[in-house]
Structure formats: C-alpha cells, structure tokens
Amino acid sequence: MAKRKRYLSRRPKSTKALNQAPGTVTYVGNKEKAETTLEVIDYNTESYERHITQTPEEAFKFEEPNKVTWLNVDGLSETSEIIKVGQFYDLHPLIIEDIVNTNQRPKIDEYQDYFFIVAKMLYHKTNGQLEHEHISIVLGKDYVLTFQEAGGDVFDGVRERLARGKGSIRGRGADYLVFALLDAIVDHYFLVVEEISDKIEILEERLFSSEPTDDITLEIQELKKTMLRIRRAVFPLREVVSRLEKVNGHLIHNDTVNYIRDLYDHMVQVSENIEIYREMSWGLMDMYMTTISHRMNEVMKVLTIMASIFIPLTFLAGIYGMNFKHMPELEWKYGYPVLLLIMFLLFMGMIFYFKKKRWL
Amino acid sequence: MAKRKRYLSRRPKSTKALNQAPGTVTYVGNKEKAETTLEVIDYNTESYERHITQTPEEAFKFEEPNKVTWLNVDGLSETSEIIKVGQFYDLHPLIIEDIVNTNQRPKIDEYQDYFFIVAKMLYHKTNGQLEHEHISIVLGKDYVLTFQEAGGDVFDGVRERLARGKGSIRGRGADYLVFALLDAIVDHYFLVVEEISDKIEILEERLFSSEPTDDITLEIQELKKTMLRIRRAVFPLREVVSRLEKVNGHLIHNDTVNYIRDLYDHMVQVSENIEIYREMSWGLMDMYMTTISHRMNEVMKVLTIMASIFIPLTFLAGIYGMNFKHMPELEWKYGYPVLLLIMFLLFMGMIFYFKKKRWL
Amino acid sequence: MAKRKRYLSRRPKSTKALNQAPGTVTYVGNKEKAETTLEVIDYNTESYERHITQTPEEAFKFEEPNKVTWLNVDGLSETSEIIKVGQFYDLHPLIIEDIVNTNQRPKIDEYQDYFFIVAKMLYHKTNGQLEHEHISIVLGKDYVLTFQEAGGDVFDGVRERLARGKGSIRGRGADYLVFALLDAIVDHYFLVVEEISDKIEILEERLFSSEPTDDITLEIQELKKTMLRIRRAVFPLREVVSRLEKVNGHLIHNDTVNYIRDLYDHMVQVSENIEIYREMSWGLMDMYMTTISHRMNEVMKVLTIMASIFIPLTFLAGIYGMNFKHMPELEWKYGYPVLLLIMFLLFMGMIFYFKKKRWL
Amino acid sequence: MAKRKRYLSRRPKSTKALNQAPGTVTYVGNKEKAETTLEVIDYNTESYERHITQTPEEAFKFEEPNKVTWLNVDGLSETSEIIKVGQFYDLHPLIIEDIVNTNQRPKIDEYQDYFFIVAKMLYHKTNGQLEHEHISIVLGKDYVLTFQEAGGDVFDGVRERLARGKGSIRGRGADYLVFALLDAIVDHYFLVVEEISDKIEILEERLFSSEPTDDITLEIQELKKTMLRIRRAVFPLREVVSRLEKVNGHLIHNDTVNYIRDLYDHMVQVSENIEIYREMSWGLMDMYMTTISHRMNEVMKVLTIMASIFIPLTFLAGIYGMNFKHMPELEWKYGYPVLLLIMFLLFMGMIFYFKKKRWL
Amino acid sequence: MAKRKRYLSRRPKSTKALNQAPGTVTYVGNKEKAETTLEVIDYNTESYERHITQTPEEAFKFEEPNKVTWLNVDGLSETSEIIKVGQFYDLHPLIIEDIVNTNQRPKIDEYQDYFFIVAKMLYHKTNGQLEHEHISIVLGKDYVLTFQEAGGDVFDGVRERLARGKGSIRGRGADYLVFALLDAIVDHYFLVVEEISDKIEILEERLFSSEPTDDITLEIQELKKTMLRIRRAVFPLREVVSRLEKVNGHLIHNDTVNYIRDLYDHMVQVSENIEIYREMSWGLMDMYMTTISHRMNEVMKVLTIMASIFIPLTFLAGIYGMNFKHMPELEWKYGYPVLLLIMFLLFMGMIFYFKKKRWL
C-alpha cells in the first residue's frame, strides 16, 4: 500500500529537491535499473535495421537519411544519458525533466519541430498486481523517441510488425509509428479493465455465496482505488489523442488521421467501460450493507422466536415450582399432564403465529 | 453472466490478435453462423426487385443504375466475403475492421463519398434475455449497405414497406432508407426500455408484498447493469443522429433532414426515459434498506415485549420457588392467589405501557 | 400505477403499428372522446367572434382577413379531422403525427411559415391525481392552431380576456396569443409544484408525529416519480421558451419578446422550485432511515434494561431454589429478608447505572 | 413552516388572479405596511439633499438636474403609487409587475434607457429567523430607483456615506450608487452564511456531546432547506453581477467596472462558502447515522454480556432445583459450594472472553 | 475549530466595518505581527543585491534600472505601510484592499501596467496543523511585489537560487520570477496533499485493526472539511495559472509561457489528487458503517446462540422443578440421568445447527 501512496501524491520534485529550479532533471520513479539500454530501429519500405547499444553516442551513428528512426530508451535512472539524447535532438529542458518525472500525468506538448507525448502503460505483473509504467514519446519529422522505465513487452508486437514488414507499417511515416505505439498501449488498457470486471464479479459472488468476512469492505475500497488510478492514466490520454487528431501540421499525415480517430474511439470505449465499472463498484458497498442487514434480520428472528416461545413456558413452569402451601393445582391428579397440554398448545400457537408472520 | 463481461470489456482485437496491425479484420462476436447471406433490394418509385445470394460476386450483378440499392449482409463470421464487399464499394480498411468488430461502440464516420454508421440493435429474445446485435450501415450516393451478425426481424417492417410501396419510402433516396432503418432500430429501444419499467415495478411490488429474499439485492444490481448496457448502446447513437442532422452535403437531402430531426427527438425521449428509470432504480436499494430496517424493528418489538413482560414475572415466580425455611408468604392462605393477582396486574400494566408506546 | 408506465415508456407508435412508416398519424393517448370539437375565435381590436363546430370544413369558413384566428381543436382521436386541418394550413406530415402522438416531448420546430410547439399541460384532477395533457400549438402569420386531448379549463382565462377585451390582448398579434396560452400553461405548473411542496411537508410530519408505517417508503418513492414526470414536462418547455425568445423573424414581434423573456423567467423559477423539492425529497428517505434507527435504539434499550435488571435477580432466586441438602443460608432465620434486600440493592444499582448512561 | 412553503412555490400571480393578464400589478408578499414611504436623495460632489414624502407627486418635485437622484420606495402594498413612479420614469409594465411580485427571482433586464435589477435581501431578524426581502433597483442615466417591502437597515450604511461624503461615493455617478447598494446586500449575505456555519457546528457538537434526540434529524433537514433558500437568492444574483460587469454601454462607467468585478469576486466567495456548508451539512446526516449505529452497538453489547453470563448460570441453578428423587449431587456434602465454585469459574471465564473480544 | 469558522465565513470587511466604503483598507487576518518587514532584491545576470528595511521609503531607494526588483513585504497588519507601497507603484485602491483582506480567494486581475495575483500558501506547522497564508503578487514591467502575512520559508528556495545564480533564474525577467514563486507555492500543495493521503490511510487502518471509537466519525468529518479548504485554495489558483498562460502581452515573455504551462500541468495534477482523495474519504464513512454493522452482527450472533441454547434447557429444568404431586418421571430411577442426556443431545443439536448456519 505504501506503493500507491507514493504513486499518487509524490510531488514532481522529490522532497530533497523541493527547492530545485524547474527544468532540473531528477528521476523520481522506483524502477532502478542497472543501466540504460538504447535500441535503434531504422526502416523504410525496403530495408529494416536494428541495433542495441549502451551509449547515446553510438546510437546516433545509426541514423540514416530517408528512413524512419525509432530510438527506444530503456531505463530512466541514468539521467545523464537522457540529457545527451535530449541535446542531440534539441529538446526543450522541460521535456527532459518530464521524461524522467514518472509522476507527470499524460499530456501532449506541441513544439515547433516535434510533439511530446506522455502516457502511462498499465499491465498486470505475473503476481497479479497492477503495474504503472511511465512512457514518453517524441515525434519528430522522421524520427520517434520513446523513453520507458523498464523494457516492457508492450511494444513487442510493434517491433515484430516492423521486422516482418507485416501490415502497412513500414510504408508509412513516423506519425504512423507513434499511432501504432499508442494503439499498443491502449490495447493493454482493455486487458486491465477486463481484469477489473472479473474482480467485481468475484466480489459479487463472495457477497452472496458464503459468509462474507469483514475484509470484503477493505477489498471493495481497494478496488475503487485501483479504478481511480486507472482512470487517472486513461482519461488524460484520451484528451491527448483527441488533440492529436485535431492537430494540423506537417507532422501528422492526412492518412494517419483516420487511424488516430479510430484510436480515439477505442479510448472513448475504455473510458466508458471504466465509468460503467465504477458505477458497478459503487453498488457493491450498498449490496454488502443490505446483505449484512438481511442477515442481521435472520439472526434476530431466530432469537425472537426462541425467546418468545420459551420464556412464557418457563414462566408457567416457574409458577408451579413455587412453594406456596396452598396451591390446589399441585394436588390435582391430572395437574401435571394438563399443564403439559397447555404448554404444548401455547407452543403450537406460537409456531403458528410465526408461520403466519412468515418468520419461519 | 459470463456473457456480459465479454460484451463490456473485450478488447477491439481478441487476445490472440493483440499484436495485430490496426485494420486487421477479425470477427470477435459470438454469433457463429454457418454462412453469410446477401440480400439485394433494388428499387425506385416504379420498380422493386429482391435477390438473395451466397456470394458477393453474384450480388454485385444485380446493381442497376437509377435505382437505390440496398445490400444487406447477414453473418459476419466469413470475413473474406465482407472484405470483397468492402473492396467493391471502395471502403476504407478501418471501416471493414469496424464492421466485424462487434465491440465497436455506435459512431458515425464521414468520408468523402459515403457515411459509415455503427449502431446496436437491442431486443428481447423469446426467453426474455436482452440481446445486443452489432449493425453497420454505409450510406453512399445511391446505395445502402447494412451488415448484421444474424438476420433479424428488426428491418422486416422496412422491407415490407419497400415491397408494398407503402408510405413515401420508394419515392425517396438512399438517405431516407437509412433514416427508416435507424427509425426501426430506435423503435425497438422503446420496447426494451418499457421492459425495464415493468421490471422496476415488479421489484417494487416484491419489496413490499411478501417477505423479500436476499436475491432481490442481486436482481436490483443486475437491473442497474442492464440499464448501463442499454445506455451504452443508446447514448452514442443519439450523438450519431445529432451529427447526421447537422451534416451538410450531397448525401442527405433537405427533405430528409426533417425526418432525422424527428428521429433525434425520439432518441432524446428514449434517453430521458432511461435516465428516469435509472433514478428510479437508485431508489430501489434505499427502499429495500428501509424495508429491512422496518422489519427488524418489528422483530425487535416482539422480542422486547415478550421479554419485558415475562422476565419480571418469572423472577417473581422464582422468588417463591426458593427453599428458605422462613418465608412467611408461603404459609399464608391466600399467598398464591394474591401473587397471581399481582402478576396479572403487572402483565396488564406492561400491555398498557406498550400500547401507549404504540408498539402493540 | 399502470397509467404511469404507459405515459413514460410508450413508443411513439403503438405496438401494433411498430412497422408503420414515419408520418403515419395514429392517436396513442388514452383520453377517448366521442367527437372532435372545433372552436374558432376571430378577433382584432374592434371585433370578436366565436364559433363552435364539429367539422373542419365549417370552421375554415369563419376565417376573415385582418383578424387573428385562433382555431382550437378538442379531442385527438378522430385523426381524419386533424389531417384535414393540417392540409388546410399546409402543415408538414411529421407535425400532424406529433399532434396526435401524446408521447411526444415538449419541443419547438421552426418551419418557413409557422412554428410548431408541443407542450404538456399539468393539472390536478378533482380526485387529487396529477393529469398530463398533450398540447400542440401552431403559430402562423395571423392564425394560431391549438390541439388538445380533452377540452380543458386551462385556456379559459385567455378566452375570457379575449371576449372582454381585457388587457392588451386583442390589440396584439397572433404571437402574443401564443405567449398568453403558454403563460396560462406555466401558471398551472406553479400550482402543481405547490402541491408537491404540500406533500413533502405532510410526509415530513408523518415521519415524526406518529408511528410511520411501511407505506411511507412507497409514498416517498411515488413522490419522487411524480417529480421526475413533472420535470419531464417542464424542463424541455423551458428550452422551447428560450428558443422562442431568441428566434428572429417575422412571426414574433419585438414587443412580444419582452413578454416571452418574462415567461422564460417564470419557467426558470418553476424549474428551480422543482430542483429544490427534489433535493428535499432526497432527504426524506434519509430522515426515515434515521427515524427507524433511532426507534430501534429505543426498543433495544427497553429490552436491555429489562433483561439486565431481571436476569441476574432471577439467577439469584434460582440459586436458593436449588434442592441441595446442605445449603446453610436456607436455614438462617433472616436468609430470606437479607436476600430480598440484596436483590433490591442490585436493582437500584442497575437503575442508577442506566440513569448514568442516560438510557433512562 | 407555512411561511416557507409560500415563499418557494407561490405562483407569480396569486391564486385569485390566476387568469389575469401578464403585466397586471398585484402585490403578493406578506409584509403589509400601512403606507408607502418615499425617500428622495439628490446629491453631487458639492451638495446633498434628502426628503421624505408620502406621495410620488411630491417626490418628483425634488429632482434636480446635474445631480444624481436616488428615489427609495418603502412598502409595496399600495400598488397605485408604484404605478405612478413607473409611469413618471417610463418603465415597462412588466417591470412594475416584477417590482411588486415578491416571488420574482433575482435577474437583470437591460432596456434601452435603464437597467432593471431584482435582488433578495437576506438578514436575520432579532428572533433569529432568516428574513427575505424583495428589492428592485432601476438604474437610469442619473437616477436610481429602489423598491423594498419594508424599510430596512441594509442600506443605512450607504445613506450615511452619502450624507457624510465619506469615500468617493458622492463624486461618482448613479452606477456607483447601484454598486454600493448591491455591495451592501452582498455584505449581509456573508453574515447570513456565517450564521449557517455556526449552526452546523452546534449540530455537530450536539451529535456527539449528549444523547441526541430525534429532533436533530428534523433540524438537519431544516438547515438543508434554509441553505437551499439562501442559494436561491444568491446564485442568480451572481449571474446578475457577472452580466453587469460585461455590459458595455453608457450606463456603466469604466471606473465602476473594477468595483463590479470586485463585487463579483465577493459573490463567488459567498457561493463557494454556501457550497462548502452544503457539503458539510450532507455529512451531518451520515454522522448521525453512524452515531446511532455505534450507540446501538453499545446497547447490544450490554445486553449480550448480561444474557450470555447469567442465562447459563440460571440454567445450572435450574438443574439443581429439579425435584428428581435420585439426584446424587444434592446429597453430597459439598455439592452446594462446589456448584457455587463452578458458577464463579464460568462467570470469570465469560468476563475474560468478553474482555478478549474487547466488548468490556 | 473556532479558527476554521473564521477562515471560511468571515466577510470581506469585519463586522465593525460593515458599512465601510469599498476600497477601505482593513487587515482582517489573525497573524498579528509586531512590525512589517520589507525585503528588496535587485538582480540581473551579473549582479545581485539584497536589503532589508522597516520602512517603504527606504526600500524604494534600492530600485535600480536594468535590474529586476523583487520587493517582499512581510506582515500585513500595518496597513499604512502597505498603502505607501501601493501608492509608489500606482496600484488601484481595490488591489490594496485585497492585499490585506486575507479572506480574498485566489484570483488574477489584469491591469494596464501590471497583473495582480492572489494565492494561498498551504503548509503544515510543526504541530501538524494546516496553516493558510494569504499571498499577493504584483507583476510589473521589471518589478515583482509580494505581500505575505508572516515571513515564511516557502520562498526560501527561490531566494537561494537567486543568490547563488543557480538555474536560469537570474537571466530571465520578472515574469519568470513570478513563475518561480508560484511554482514554490504549488510544490507545497503536493506536500499538503500527501499528508491527506497519509491521514486517510491511518483512518482506514484504525477502522479495521482495533475497536474503532465514536471519534472516528468526527475525524472523518474533520478530514473532509480540511479537504474542502484545500480545494478552496487550489482550484481557483488553477484558473489563475490557466489565465496567465493565455494572456498575451508585454508582461509575459514567450519563453516563460512554456514554464507556466508546465506549472498548469502541476496544478491539474494536484487538483486530480485532491479529487481522488475526496472520493476515497467518501468511502471511509461507508466503510465505518459496514464495519459497525458487521460487528453488530457478531454481537447479535453471540446473544442469539447463548439464548437459543440455554433458554429451552432452562425450560426443561423448570418443568422438573415443579411441585406437582403426580409427576411420574420424578420417581423414576434413571429420570435424572436420562434428562441430562436429553439436555446434552439438545445442546449438541443446537451447536450443530449453528455450525451449519455458519454462525459458529
């Protein structure tokens, strides 16, 4: 849980760096990686090359004209490497700050020669926990830069399509590549939201099937928090895609706009699903409350029936347990069986009364 | 319930196809049909022809100039057929993807030569379950293409009006046909919403008439979910119709705009009804809670009355059941009847007290 | 209650007519009237004439130039008569459909030569039930057409002012007449909302004054529904009036705009009142819940006090009711009075304890 | 409480006047005053004059050129006087209707030569009740008319500043006077809202300090209603001030705009405070619910502890109070003390158990 | 708590000054400081000077051309000093009023030659209480004025960067300094919001770990209030920054706009965090309710089990404690052990029944 708190409320600059100037580049995430890896993919319709290096200087050598260059940087903790990349591509200092500031929310900044996009990758780790990863994308004339905290499998599909020349991806420009990367991110959102749906159903079943424990309240609250965090990653990105669609300019081709509009549709769909699951999760707590109340009712009925039947009978027995000298009933021959009969009739009357009240 | 989850959260591409390129055509619905059926209706004011074939190639032969052509494709699982139709009419690859992607939400895409509309058909199956069907409509200059998962009766009214030349439908263009099709879909929304109204009333009655079971919570939650799903089909379509009304261009005639405005009115009315029923359904849970609480109150009163009356009396009887040697009351001649009288007075006092408190 | 459901969810076309073409004229209301009555009022500053007929043909004869003509049609079930009126005044088929479609929500349609306004008249019948009536108004150059389900008293004030020449109404045009009619409708909304206010107060008093029965939940829910229905009539009409104010054209004189703005103010005021009463009614259920809970608390306290006092005392009596051979206390001379004293002290201690806890 | 209902839902025209023409002048308030008082204040930087009369005719005599004239009318029940004032200043009939219609909500109407502003004065009477007063303000070229139901102290500060020439008020025009009057009204809103804050705190304390009675529910509901009424006066006035700021024209000087913007800031601040107190008051009911539930818990624990301890012990005593011939324990010499010991151990065990459960 | 009330609802003018003219300068805060301190910092890329004085006259001497001057005024209670500063820089009287009016909400006023910004500094005092401080900032051509209630450490980081020439701050203009100051304020918002996150977690843990006391309701309510107050400081400032970004003019350089946009991003992020924590805090009360209800359930189960088991057994014992002459069972040799056996079987049956019901 300590994790969540960090994610949500960490200031853009760490506490130690509170008085630093804006533009200061400090990595505040928690995915420490031994070293930064750079991957360069140069491609056009005919050719495709891929290089992996450890230093930016080496990476820059692979750039070729008439090709789209995709430079992917894995690991943000070595900020000096990031700064070098930034200087090579002439990025604004604030962009470099945002690349390593893993608390930055999704946004798009439009500069003269490039667009800067921040997004959040969401995926479930093998242990089932939801993982956030900070992704920065720079779209230039014929290059795309991506920066991620830890090398992920989210972009593997895109890499494969580039390598095999599948689909139309190699024949299109850098803007289409950015679309393909964002599309891969959004596809994973659907997976994450589907997981939420499953959790809601499991909780619903637990509410009804067996005796719910006190923890369920905590789990519902936890679920709500998870959804707040997912929303926080998804909703701003929707705005980003919407703005990308409307941007006019030399960086986005007309052809690609159709694809971005399609992507926007997907974003709207994810958002809608999230809202629907939020509404469902609101209902869970109410359901739990009524379930508890209903059970309390059952408990109270058992108590009331037992007490209402046996307390008067015990009183009757108490009467004839008294030691008065002059109690004529005690002397009667059939006093005992008659009393038993009366008790039995009372008992049956009570049973009948509760049956009529539908408590039994 | 597995069904619902699928409907809501399935990604645009199936899990296996997660890394596929956008534009890849994969049917993700669950209405597997042996084969795709194509129905071509050519008409103008004078003539009317209808053909049913299995292959697109055959269907294309029936197209005639100076006539409106309605090509209806039933069954989306044979994607190769869909692709052929798309190529014949020169549709954008993303459109073909959306035609078979049953998770696509309602939308309108405006292209140069045609409009592409996605809608959801809602109807109750004979077993009372709510059925969603994915409908795609393409409106071109003098043709209308419709794609549905399974041949439905929703458009039968339109077919009949075309065949019999009823109303003004044959004398108008392709745009009016699209309006008539959407109108048929919206008419069914009213039926579906009416069903919801009935369910709310049945639930209200069950809350009060008899002992409500624990299931009612589940049913209310289920009702809320159904309404969320209906909203999800209806609200985006309202936007679609609103945009259709505002579109200026060669595809929509001025005459038809009045009809589309009327259709928009109907959409608003359905939406309003949905919102009203949502508000009503929110009240249901509250009603259930107060009903439970009220009943608990009744149960507790019975218990309290029984216990308050008989516990003191039993105590009195206990007193005179003690075996002390020196208890003068036990020796008195009228000890027993006097005690009985006292007990009776206590009893009546209690009854009076609870009557005054209005617990009886 | 069957009534309400009908009102809210009926489709524009009745179930039997589901496949009819748009523009088909079918009366779907439930106010069957033997025959349609037509009332023609021709007036200008100098003269005033009023005729009542059964057939449209007769009514059209009374039209005179240089006069404002108000044709009021009572009863919508004879659709053929309505169609004749529509054709005489050259109304669009969709308008005629909406005139008899009592489920149409309030709206304004602007045509070249006339405006078409749909509104809902709300009034309380003598038995206290809320009645909806569908009103259509057509404003032309020098005529006003009104269509209502059953002749009502809502417009009687306007008729009287016309007849007596009271106010400035005869000196102004057809647009002012439409304003006067809408104003009469809105005035009745205030009455209806006032009624709601009374009902809320009665419910509040019932919640506190006496033992509330289970029905109160049902009544609160019913009240909420009534308010949803009132809103449904009032809110769209507010938009209608707002649009009427903004319309520029030959049909609305500059003078009248001030009056329409005033009418809009009234609409806003009714809407605000409705929203305030809605918020108040939300509070009712909460109040009921706390009232129940508070009462439960009282019940439980009585039970707890009785049980806590007498159960230990009964236990003590039970002790000395045991039949052990060797129980020295039983032999003591003052055993019995000493025990009674101890019991009394215990009793007083308990009373004191509960007094201190403020449960008594 | 009857008062509130009237305030909120009264129609613009009284029930008797339901069929009156718009523009009919009828006072519907409840502050009957014997007679209308007119106060004329003429001033410019150099001079200051003040006259009080009973008839409009007299008041009009005091008007002088090159001076700002403030005519304040106290008492709205003599509508004939109001009409005279209206005719002298050539006001639209609808304005005169609104001046005496105390149910009119705050608004601004812009006419060619003057602005008409309606506001609500809120203040606490000496008995602590919230009082509403209807204020109408007309701003002309060099005159200001104000109409109020009963002479109030709200404007006394402005009068004093005018008389003493304090501040810059005498050197500025009629527009600044209107600003000063509105400012005085808004200042009183702060006082009223402060009162609400106090009431919330008192309620919070009562919820926790002592045994809350059932009335607190009623008081919370009453508080919510009061806030709804305050909102109703304040929120529309905010719009009025906002529009006043944006108005371009000869009636508002550039200098005054800064002051009006400042006034708007204050309006926003009052509105925000109201919203904050509303949210706080929503929490009150929840707090009351949890308090009741928590107390119920305490009550139930006492009952459960008492019953759980003594019911088994009483059973044991009952066993040895049986009259079986052959009960060996009864004959044992130490039967009685051994049983007492067992009972004591049971008692201690129970105490320990409940301590462990933290119920004691 | 008295403090909070003051903060929220105090009128712009104190009660005594209710009838004062607008523009009257009265300090209404509660941070009385012995004297006002003025700090002048003159800097450009090459030089840096800092002076601290007690009187404005002295401070004005330090102003130098070609340098940016930052005049920071600490302590607002000596209004005459503030007025002098205002006159020297030719500020509008309303600005001076707002500088000392600590109740003024955050806003930006654009004047011809300068911008006036009001903000709220939030920080936690060493005793953990949330402190509000009123900050006014005036941005002129080459000067920045700041006014604060008590000298704070919030701006210390900026001072240090100026002194050391760190970052680019000395090389940029007055507009960048304003950005840096606002950035420092916003950075502290993150700290404050982080604190809220911690409090929510502590409350969550307390709800579950141990027996929650009644106070927790009060603390949750207190937390909600704190968040309302934080929102009140943060949300209007977001609008201020947004407007600052959009302002075109000679006061804000193009370069700085990028930084302000970045600041706006941070504001959005704080706002989002606040909203998320608000939603979480809403859940707390629900969680508490379900926790209480769940515990009540546990209590009731214990009671019901004890009573249901022992009440029937006690009744049986009571039967055989009666003193009837003719009770054959009493004479049987094995009557007693048989009864004990029956009782044991009943006991086991009950235990089994409750086990099956999962109450044990």
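Just so we're clear, the structure is a prediction, and the values are computed from it rather than from any experiment. Below, read A as the first sequence line, B as the second, and so on, with proteins coming before strands; counting in each chain starts at 1.
Counting all heavy atoms, side chain and backbone alike, B:D265 lies closest to C:R105 at O-CD, 4.3 Å. Nearest heavy atom pair, residue B:W359 against residue C:E298, reads CH2-O, 4.2 Å. Taking all atoms of both residues into account, the shortest heavy-atom contact from C:E97 to B:D262 is OE1-OD2, 4.3 Å. Here the shortest heavy-atom pairing between C:M296 and B:S293 reads CE-O, 4.1 Å. Between B:I311 and C:M306, the shortest heavy-atom contact is CG2-O, 4.4 Å.
Residue C:W332 holds its CH2 atom at 12.5 Å from NE2 of B:H326, rounded to the nearest 0.5 Å. With rounding to the nearest 0.5 angstrom, the CG atom of C:L218 is 9.5 Å from the CD atom of B:E205. From C:N323, atom CG reaches atom CG of B:N323 across 5.0 Å, with rounding to the nearest 0.5 Å. Of the inter-residue distances, the one linking B:D286 atom CG with C:T217 atom OG1 reads 9.5 Å to the nearest 0.5 angstrom. Taking CZ of C:R232 as the start and CD of B:Q269 as the end, the distance is 5.5 Å to the nearest 0.5 Å. A distance of 16.0 Å separates CE in B:M300 from CZ in C:R295, rounded to the nearest 0.5 Å.
Pairs engaging residues 316-326 of chain B under the salt bridge (charged side-chain N to carboxylate O under 4.0 Å, His left out) rule: B:K325-C:E331 [sequence neighbours left out].
Both the backbone and the side chain of C:K333 come within contact range of chain B, judged by heavy atoms closer than 4.5 Å. No part of C:I309 comes within reach of chain B, as not one of its non-hydrogen atoms sits under 4.5 angstrom from that chain. Contacts between C:I305 and chain B at a heavy-atom distance below 4.5 Å are absent for every atom of the residue. For B:M350, the part lying near chain C is the side chain, with the backbone staying farther off; criterion is any non-hydrogen pair under 4.5 Å.
Ionic pairing of B:E279 and C:K224 is not present here: no N-O contact between side-chain nitrogen and carboxylate oxygen is shorter than 4.0 angstrom. A salt bridge is defined here as a Lys NZ or Arg NE, NH1 or NH2 lying under 4.0 Å from an Asp or Glu carboxylate O, and B:E204 with C:K225 meets this definition.
Considering only heavy atoms from C-beta on, C:L228 stays 4.5 Å or farther from B:E275 through its side chain. Inter-residue side-chain proximity for B:Y259 and C:H92 is flagged as met; some heavy-atom pair is nearer than 4.5 Å. The closest side-chain heavy-atom distance from C:L339 to B:F324 is below 4.5 Å.
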Enumerate, atom names and distances included, each donor-acceptor pair closer than 3.5 Å involving a side-chain atom of residues 312-320 of chain C, sequence neighbours excluded.
from	atom 1	to	atom 2	distance (Å)
C:T314	OG1	C:F310	O	2.7
C:Y320	OH	C:E329	OE2	3.3

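Contact tally against chain B (heavy-atom pairs below 4.5 Å) for C:R231, C:M285, C:M327: the top residue is C:M285. Per-residue counts of heavy-atom pairs under 4.5 Å with chain C were compared for B:S308, B:P328, B:G283, B:G321; the largest is that of B:S308.
For residues 341-348 of chain C, heavy-atom neighbours of chain B at less than 4.5 Å comprise C:M343, sorted by residue number.
With sequence neighbours excluded, the residues satisfying ring pair (Phe, Tyr, Trp, His ring centres under 6.0 Å) with C:Y114 are C:Y111.
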